[in-house]
Amino acid sequence: MSIYDTLNPEQKRAVLHNRGPLLILAGAGSGKTRVLTHRIAYLIDEAGVNPWNILAITFTNKAAREMRERVDNIVGYGSENIWVSTFHSTCVRILRRHIDRLGYDTNFTIYDSDDQKTLIREVCKYLDVDTKKFKERALMAAISHAKDEMMSPEQFERENQVDYGKRTIAKVYKEYQSRLKKNNALDFDDLINKTVELLRTNEDVLHYYQNRFKYIMVDEYQDTNTAQFELISTLASTVNEEGEMEHNLCVVGDDDQSIYKFRGANIYNILNFEKQYPDTKIIKLEQNYRSTKNILAAANEVIAHNTERKSKALWTEQEEGDPIYWQIFDTDRDEAESIAVDIANAVKNDDKMYSDFAVLYRTNAQSRILEERLVNLGVPYKIVGGVNFYQRKEIKDLLCYLKTIDNGNDDISVKRIINVPKRGIGLTSVDKVQVHAIDKGISFYQALTEAEYIPTLGRAASKISPFVSMIEILKGKLHNPDYSLLDLFDEIIEATGYVDELREDGTIESQTRIENIQELRNKIASYLDSTDEPSLSNFLEEVSLVADIDTVTDDTNVVILMTIHSAKGLEFPYVYMCGMEDGIFPSYMTITSDDPTEIEEERRLCYVGITRAKKKLSLSAAKMRMQNGEMKFNKPSRFINEIPRFLLKQTGAISAPRFPREDSAFVNSFGGSSNYGTIPSKMAASPYKKPAPLNKSANTMFDKPKTGSSLLNSIPNLQKGLGAAKSFQPNYKVGDTVKHIKFGTGMITKMQQSGNDYEVTVDFEGSGQRKLRASVARLKKL
DNA sequence: CTCAAGAGCCTTTTT
DNA sequence: GGCTCTTGAG
């Protein structure tokens, strides 16, 4: 019996297909990752494909990591030579080698959305564009959209000459792009676009990668945008031994789970795949292995309300299971309380794990009240999404020091830290230096080094030179091979007095920041542990491509809270979908939109949410909800009505929704005859009471700093804040054989506790002895 | 140049 | 409600 005998007939057909384009339409929970990994194994073990010729692309690092793990487990030989990576890291890897062909330096910086916004703001100031009329957000979105469609600034300008607004956008786009280049920086979209540009303009590079990636697999294909499609289709044209053109491209996706149109995903990539590649073989995976019959029926019914979709019907051999639970609460607080109590009881009485539960919601803002109730009941949890670790002020500041040292052309980073901590270099001085930089056509940092020759600066120049010499000294030390990244990090903290200042501050907030900095230091340490040839640039790059979902691991026993978007690809035995109200989900924006396809995207999102549940799905809504500081009255989500009655079990008090009278002073602010209502928060009467303040001494982690956002999200806080029991507890001990994703198998020779973590020494078969941090290394006991 | 207080915006989702 | 940006006083 071979590993392929465990597959169902469709899965098997997909796995055994080894040449030519293949489209796998894989419904939720139909085992697509299994198919992909088995197909890789088949290609290597049976079809004689060199592992080196295989590229598997995903969207998130988490998905890539999981696939890598599973591939490693079933591919006998050479699995480390398979490229399994995300779109963005694949591109970075290619660009680091060849981007000099496009006039960039190979140590380019990657800008996150914060940096982008800063740059846009600068551009607007420079071009005299009123940011009241043209919001940075809107400009960013417009530019990003253009890039998704691979439209260059020049092309955008040509095609948008009539409309004043669009002309302005074109101007901003052009300047933005030229400044990115000046700063030797790429934004997320550029990573894809520049790679395509590189391949199109450099035949030798193109041939190299076409030859290398003879077999390409793409996961979540329905989420690809035009640029990503171009990338893939450009790569996936190879010539075989017989001299014929081949497209060994295998894409896996589900049009019903396309939920990223707002981000530029082009659903026609999947809908028209067979037109792009006429000899495409299409395989549908419709058997679901995840959910009960009832859950699946609910999902099928909801999604059937969409018009534009490829026909598909999921089925399962599983039992009917529980009904779908549905409950309407008076307030959002009641809703949150009920969910928290439910979970706490289930864990206490029914022997469930916290990690069996997930609470899903439409918007990140909904997490706050849930979090509050969970804390209250002592239920451990982790929030995924919101503001990620690397965007916190203190982390960004220190990263910008590193970036400045790494790439002096990155003006944005330099400007961010020039006066952090305070050095008496204010905005006026910065502007003067900037003017000088533009005049001379040099970078901002370069201009700083010439500060004493900038006459307008006057005495301020004397404040600048110590900063420059500090950076120069640190830069110089980097050349010493014995000087590690950790030394550099410590020296930055020492030289800037960053932590000292926080310490003097003495507030709980500063304390948390110090802990975050410590955590960043740990991350550097574990980076050094796990990388063969560590470098500053490489570290910064890894950091910039981390998404919050990537930090979710299934080895921590906590309840997971996240948006439905983040939940795609995951599954949980027990799922709560809360805030099932018109105006929340589907969102107000899509309800009022002229574009009817928007509500369909919301419905797909609902479908994604429902299909995350394996055993039990609980839906809930609140009649009254605090939103943007206002009390809102929403009616139950239309999606609830789309689930057949007999599948639902409504629990709790069934009272008619209470809405404000139309003629009252509280008439809704949306206008029209909708059922929405809103009243200012001050007028909102009980039962909505302000929750009691959290106990500070017991929950220092739950105090938020004024700037930066929720500190509740990060793993370190989780480990620290939830008591001793929540520190990292490995399930292995000295003498055990473990597997590391990169170093392979080895034996644990030593384990030493350090704080909430363990330092584990492993003797690896291939790479010898290494010290690893248990919480990061994620060793698997064999 | 820095800090504090007030205005205004926000909320759809994120690699 | 909470975050960010602007404004005006020291």
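Below, chain A is the first sequence line, B the second, and so on; all start at residue 1.
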Rounded interatomic separation in angstrom, taking [atom1] from [X] and [atom2] from [N]:
X	N	atom1	atom2	answer
A/K132	B/dC10	NZ	P	12 Å
A/Y361	B/dT13	OH	C1'	12 Å
A/E602	B/dT13	CD	P	11 Å
A/K393	C/dG2	NZ	P	21 Å
A/R368	C/dG2	CZ	C1'	7 Å
A/Q257	B/dT13	CD	C1'	15 Å
A/Y390	B/dT15	OH	P	14 Å
A/Y221	B/dT15	OH	C1'	17 Å

Using a 4.0 Å heavy-atom cut-off across all strands, classify [X] as base, sugar-phosphate, or nothing.
X	result
A/Q627	nothing
A/T86	nothing
A/K463	nothing
A/L427	sugar-phosphate
A/N364	sugar-phosphate
A/L191	nothing
A/N419	sugar-phosphate
A/R604	nothing

Per [X] side chain, nearest of listed nucleotides [options]:
X	options	answer
A/K422	B/dT12, B/dT2, B/dT14	B/dT2
A/M626	C/dG2, C/dG1, B/dC1	C/dG1
A/R362	C/dG2, B/dT2, B/dT13	B/dT13
A/T428	B/dT11, B/dC1, B/dT12	B/dC1
A/K135	B/dC9, B/dT11, B/dC1	B/dC9
A/A365	B/dC3, B/dT11, B/dT15	B/dT11

message: Would you measure the distance from the P atom in C/dT4 across to the matching atom in B/dT13 and give it in whole Å?
response: 15 Å
- prompt: When the C1' atoms of B/dT11 and C/dT6 are considered, how many whole Å apart are they?
  reply: 22 Å
statement: Of A/G426 and A/R137, the one whose nearest nucleotide on DNA chain B sits closer to the 5' end is A/G426
- line: Walking DNA chain B from its 5' end, the first of A/R423 and A/T60 to be reached, judged by nearest nucleotide, is A/R423
Can you confirm if the NZ or CZ of [X] lies within 45° of the ring axis of [Y] and under 6.0 Å from the centre of its six-membered ring?
X	Y	answer
A/K623	A/F329	no
A/R638	A/F585	no
A/R68	A/W83	no

message: Is the base of B/dT13 stacked against the aromatic ring of A/F262, taking ring centres under 5.5 Å apart and planes under 30° as the test?
response: yes
Inter-residue atom distance A/Y361.OH - A/H565.NE2, 0.5 Å rounding: 13.5 Å
message: Within this structure, what is the CD1-SG distance for the pair A/I369 and A/C578, rounded to the nearest 0.5 Å?
response: 10.0 Å
message: Between the base of B/dT13 and the side chain of A/R263, is one N or O donor paired with an acceptor at under 3.5 angstrom?
response: no
query: Do A/I417 and A/F467 have side chains that get closer than 4.5 Å, going by heavy atoms?
result: yes
- request: If the plane angle is over 60° it's perpendicular, under 30° parallel, otherwise tilted; pick one for A/F188 and A/H88.
  value: perpendicular
task: Please list all pairs passing the side chain to side chain donor-acceptor pair (under 3.5 Å) test where one or both residues lie in residues 125-135 of chain A, with sequence neighbours left out.
output: none
For residues 425-433 of chain A, run the donor-acceptor check on the side chains, cut-off 3.5 Å, and write out each pair with its distance to 0.1 Å, sequence neighbours left out.
unit_1 : atom_1 : unit_2 : atom_2 : d
A/K432 : NZ     : A/T456 : O      : 3.4

task: For DNA chain B, determine which residues of residues 560-567 of chain A have any heavy atom closer than 4.0 angstrom to one of its atoms, and list them numerically.
output: A/T563, A/H565, A/S566
